[in-house]
Peer 1: 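Handing you a structure now.
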There are 2 protein chains.
Amino acid sequence: MNDELPALPWERSRRRTAPARIPLTRDRIVDAAYVVLDREGYEKLGMRQVAAELGVAVSALYSHVSSKDELFELMYVRMFDDWDLPEPDPEHWREQVAEYARDGRARLHKHRDMARISMGGIPFGPETLPYMDRILGIFRAGGLPDRVAGAAGDVISTFIDGFALEESMWETRRRESGQNSWAEMRETLERYFEELPPDRFPHLVALSNTMFENSNDDRFDLGIEIIIRGLASFVEEVEKTEAGGSSGTSAPEDERP
Amino acid sequence: MNDELPALPWERSRRRTAPARIPLTRDRIVDAAYVVLDREGYEKLGMRQVAAELGVAVSALYSHVSSKDELFELMYVRMFDDWDLPEPDPEHWREQVAEYARDGRARLHKHRDMARISMGGIPFGPETLPYMDRILGIFRAGGLPDRVAGAAGDVISTFIDGFALEESMWETRRRESGQNSWAEMRETLERYFEELPPDRFPHLVALSNTMFENSNDDRFDLGIEIIIRGLASFVEEVEKTEAGGSSGTSAPEDERP
DNA sequence: ACTGTGGAATGAACGCCGTTCTCTAATAGA
DNA sequence: TCTATTAGAGAACGGCGTTCATTCCACAGT
């Protein structure tokens, strides 16, 4: 054999690189995808970038992942890892729902543009079903009629995703417009609204203060509060006859911030 | 001038092709984009398809539209054409909000995958500002405190967009899975939920009936009702002590369109 | 110790995309 | 009638997701 002969110049060297020390797995691919997502953003997240992040050929990914869509789906279900929803507690369903919502938003914020990936994720896949069941359980434990519990899931989850998506789009615009900090961006926006012609946009101008003086967190919490109060108005007072009776049908009194 | 003379037969070579009978405009491009969207769906909507629809070279589009993103933005603002929001009526703000929501969903349903384009549209662009102002006006006329009115816009619009987006994604899945009718698809889904292991997903199984026996319209209306009830719980009963009086300090009565 | 085999990674290619560039031809104005 | 302008055409560029034939490597069986 001529193994030890110098490689002929026109042939590519036989053993080119170190042979993939660590084996490629779906998990490593998802990890790399998150690294790329955080560094480059949703628009630049592609199979080539993920492969480059792993130091691997693009086509190698397709042995473990059937398409970009599936990769995104894997990223989506990754969002639910280690998410422990509490045992439904009839007495504290409001707090449990509020905390679920805040957790959801926090998880969406853990990675840049994550809301873009979350939208379009299948909410009833095998991995996410347990969480959907749990949140429905919390609603039902709270006394929501079944048909309201179903709609409650729609309202809550569209709000969480939609709010986070809007935040991530503002963040993108901020980045693209060269504004360095959120405070700077917010000031720019507030000025924009304040300088609108008040005769044509009286309400926007009037609200420009309150809309921007509160943080996004406050606005999110308020949105959740609105939804929870609306849900509470449907709670059937089936029993709970005696002490500690909560409010009437349409307007519950208050709750913990 | 010989403008009105018929073209001489032998010099037809001069003007060999029909010289763009109808001039290309932004409006015609947006029209064509909608045609392509309805026929091919969001994923297949591209500059080449739009150009082909117009019988025009791709590059011609860029004389009127600076990018695909701008084209999408034009499609987004088109959604607001001829949308007459009513004069804010303090007595009927709930009905006005509900109708606004239903209108919004209907407009999103007018074109396939429209929700995908609506998500990502700039809600505070010059063309959409009047509508945002109007809906805020309705909230304030109803007696919502200013900071609640701001959050109310978030909740309502994320629900409308998110709900419609989810619908359009189910529709896409139905199309891709070869199911012909929605009824068929719904039956498949209901069976899927019913056959889940009840010990692991008790609530999903329990709700599988009610979740699918109601139409999407009912679920949407119920979601809106939840939100409106939540908003109502924030209405300040400042005065409105008795008959006639319009609302108080925080809600201006009306405005000219 | 040798060899055969199967799975995983490679590199090149395909067809598509959004966008840009150059050039042509038709129009409008003097 | 000549010229300046400009809308549109056509080709090209780089990048995308995906596929495919090939190559390499680790390991099983002899």
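A note on names: the letters A, B, ... follow the listed sequences, proteins ahead of strands, and every chain is numbered from 1. Below, all heavy atoms of this structure are taken into account, side chains as well, without hydrogens, waters or symmetry copies.
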Peer 1: What is the separation between atom NZ on Lys68(A) and atom P on dG17(D), rounded to the nearest whole Å?
Peer 2: 4 Å

Peer 1: If we ignore hydrogens and angles and just use 3.5 Å, is the side chain of Ser208(A) paired with the main-chain N or O of Val205(A) as donor and acceptor?
Peer 2: yes

Peer 1: Between Glu171(B) and Arg174(B), does the salt bridge (Lys or Arg N to Asp or Glu O under 4.0 Å) criterion hold? Intermediate values first, please.
Peer 2: CA-CA 5 Å; Glu171(B) 176 68 11; Arg174(B) 181 189 68 74; 2.7 Å; yes

Peer 1: May I have the distance from Glu70(A) (atom CD) to dG17(D) (atom P), rounded to whole angstrom?
Peer 2: 15 Å

Peer 1: Measure from the side-chain N and O atoms of Asp133(A) to the backbone N and O of Leu204(B), and report whether any donor-acceptor pair falls under 3.5 Å.
Peer 2: yes

Peer 1: Evaluate the salt bridge (Lys or Arg N to Asp or Glu O under 4.0 Å) criterion for residues Arg191(A) and Glu194(A): first the C-alpha distance (whole Å), next the side-chain angles of each, then the deciding distance (0.1 Å), finally the verdict.
Peer 2: CA-CA 5 Å; Arg191(A) 209 184 325 268; Glu194(A) 280 173 352; over 6 Å; no

Peer 1: Could you tell me whether the side chain of Arg48(A) has a donor or acceptor atom within less than 3.5 Å of a complementary atom in the base of dG15(D)?
Peer 2: no

Peer 1: Would you mind classifying the nucleic acid contact of Val58(B) as base, sugar-phosphate or nothing, using non-hydrogen atoms under 4.0 angstrom?
Peer 2: base

Peer 1: Once the angle between the rings of Trp83(A) and Tyr100(A) is folded into 0 to 90°, is it parallel (under 30°), tilted (30 to 60°) or perpendicular (over 60°)?
Peer 2: parallel

Peer 1: From the set dG11(C), dA9(D), dT19(C), return the single nucleotide nearest to any side-chain atom of Ala57(B).
Peer 2: dA9(D)

Peer 1: Figure out the CD/P separation between Glu43(B) and dG17(D), and round it to whole Å.
Peer 2: 13 Å

Peer 1: Look at His64(B) and dG8(D) and indicate whether a side-chain polar atom (N or O) is within less than 4.0 Å of OP1 or OP2.
Peer 2: yes

Peer 1: Measure the distance from CG on Leu45(B) to C1' on dC16(C) and round it to the nearest whole Å.
Peer 2: 15 Å

Peer 1: Please give, in whole Å, the distance from dA7(D) P to Leu61(B) CG?
Peer 2: 14 Å

Peer 1: Which is true for Ala60(B) with a 4.0 Å heavy-atom rule: it touches a base, it touches only sugar-phosphate, or it touches nothing?
Peer 2: sugar-phosphate

Peer 1: Can you see if the side chain of Gln49(B) gets near the phosphate of dC17(C) - specifically, an N or O under 4.0 Å from OP1 or OP2?
Peer 2: yes

Peer 1: Counting side-chain heavy atoms from CB outward, which of dT10(C), dG8(D), dT18(D) is closest to Tyr62(A)?
Peer 2: dT18(D)

Peer 1: Quickly work out the Ile29(A) CD1 to dA9(C) C1' distance and round it to whole Å.
Peer 2: 12 Å

Peer 1: dA13(C) C1' sits how many Å from Met47(A) CE, rounded?
Peer 2: 17 Å

Peer 1: Using a distance-only criterion (donor-acceptor N/O pair, under 3.5 Å, no hydrogens), is the base of dG8(D) paired with the side chain of Ser59(B)?
Peer 2: no

Peer 1: Provide, to the nearest angstrom, the distance between the CZ atom belonging to Arg28(A) and the C1' atom belonging to dA8(C).
Peer 2: 13 Å

